[in-house]
Amino acid sequence: MWPLWTFVEVFAVLILIALFGLVSAIVSQAYRRRQNHTHIEAPAIFEDPTSLKQVPCPSITDPAEKYISLIIPAFNEEHRLPGALVETMNYLQQRAGKDKSFSYEVLIVDDGSADGTKRVAFDFVKKYTVDNVRVVLLGRNHGKGEAIRKGMLHARGELLLMLDADGATKVNDLEKLESQIHAVAKKDYHHGDSAASDSRFRISDIPIAAFGSRAHLEVKALATRKWYRNFLMKGFHLVVLLTAGPGIRDTQCGFKMFTRAAARKLFTNMRLKRWCFDVELVYLCKWFNIPVIEISVNWSEIPGSKVNPLSIPNMLWELALMSVGYRTGMWKISK
């Protein structure tokens, strides 16, 4: 029989081999993603389902054509998407009716859905025209982060809002984020009350981000949310603190607004494609010194969440990639 210390040595060697393999995989994958932010791809197009004509797809580097763009990522959201879109379009139309200067677009990004999400989305394009509602098809599933990135890079708004397809946050809460962005722009850039009448002032040119937050609902959420989601949340917050630093209490709320200048800087550099892209956005905001305002929003948990216990290793994997990529300098940030 082998001595006990021999078994310990063998076990230690196996652990070291496993750790070496894991670190090697992380470094290798981080290196592979070093150019991910360049997004070399064929020119994107939108299709008008009524006329079947192809509409050229704008770029985030183009001047803004709308006041606000709403980007909705959708993966197998056939059942939850219609209700959220009805509420969203009712709000936008009512606001446009009251304010003739208010213009908008809704971009639905179908992230490789296998259900009727595409059909639902195109029904809304037919109803509201391709100028107001557009659908981006990713073909296969890439992840929520990639879906939002794609929508942001082809949006036309001065302000760009990302929101979830389940309607967990009421769309009229965008006014909270919008008003704070305008307030910060006027205060920090010394335009004062004359900013609105200054033809040179463009909110789209000033990099600012506003993050919706559910931190004020944490106590209630802990009592009602499933145990594994609470465990995931607490552990995730700790890892986020170590990775991106302090400052934002709720990085994962799917309700975030960016000026066009901020979106151009952030989403042309973003590399993470799934769960942790929000954390990368926080990191990039800090790197670019983009002001981030965290604002409490109304939020309710909608059945059908795609977060599950298997999300934990995926999140840790992406955070490890991000940490290695930026800390080693493999992930260069374009200004």
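For the pair L159 and L177, the minimum side-chain heavy-atom distance is 4.5 Å or more. Side-chain atoms of L92 and N132, non-hydrogen and from C-beta on, never get closer than 4.5 Å to each other. Two residues are said to be in side-chain contact when any heavy atoms from C-beta on lie closer than 4.5 Å; P58 and E105 fail this criterion. With a 4.5 Å cut-off on side-chain heavy atoms, I60 and R260 count as touching. Proximity of R149 to F277: side-chain heavy atoms (C-beta onward) are nowhere separated by under 4.5 Å. Side-chain atoms of L138 and V109, non-hydrogen and from C-beta on, do get closer than 4.5 Å to each other.
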Worksheet item: Can you check side chain to side chain contact (heavy atoms under 4.5 Å, CB included) on I71 and V136, steps first, answer last?
Response: CA-CA 10 Å; I71 292 90; V136 181; over 6 Å; no
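Relative ring orientation between H182 and Y67 is described as parallel, the plane-to-plane angle staying below 30° on a 0-90° scale split at 30° and 60°. In this pair, F258 and F267 present their aromatic rings perpendicular. The plane angle is above 60°, beyond the 30 to 60° band.
Salt-bridge formation is not detected for the pair D173/K170: no Lys NZ or Arg NE/NH1/NH2 atom is positioned less than 4.0 Å from an Asp or Glu carboxylate oxygen. Salt bridge annotation for R156-D131: present, with a cationic side-chain nitrogen under 4.0 angstrom from a carboxylate oxygen. The residues E318 and K144 are annotated as not salt-bridged, no charged nitrogen and carboxylate oxygen being separated by less than 4.0 angstrom.
At most 12 heavy atoms of other shown residues, nucleotides or ligands fall within 6.0 angstrom of atom NZ in K118.
Among all heavy-atom pairs drawn from D166 and A84, the shortest one is C-CB, 4.3 Å.
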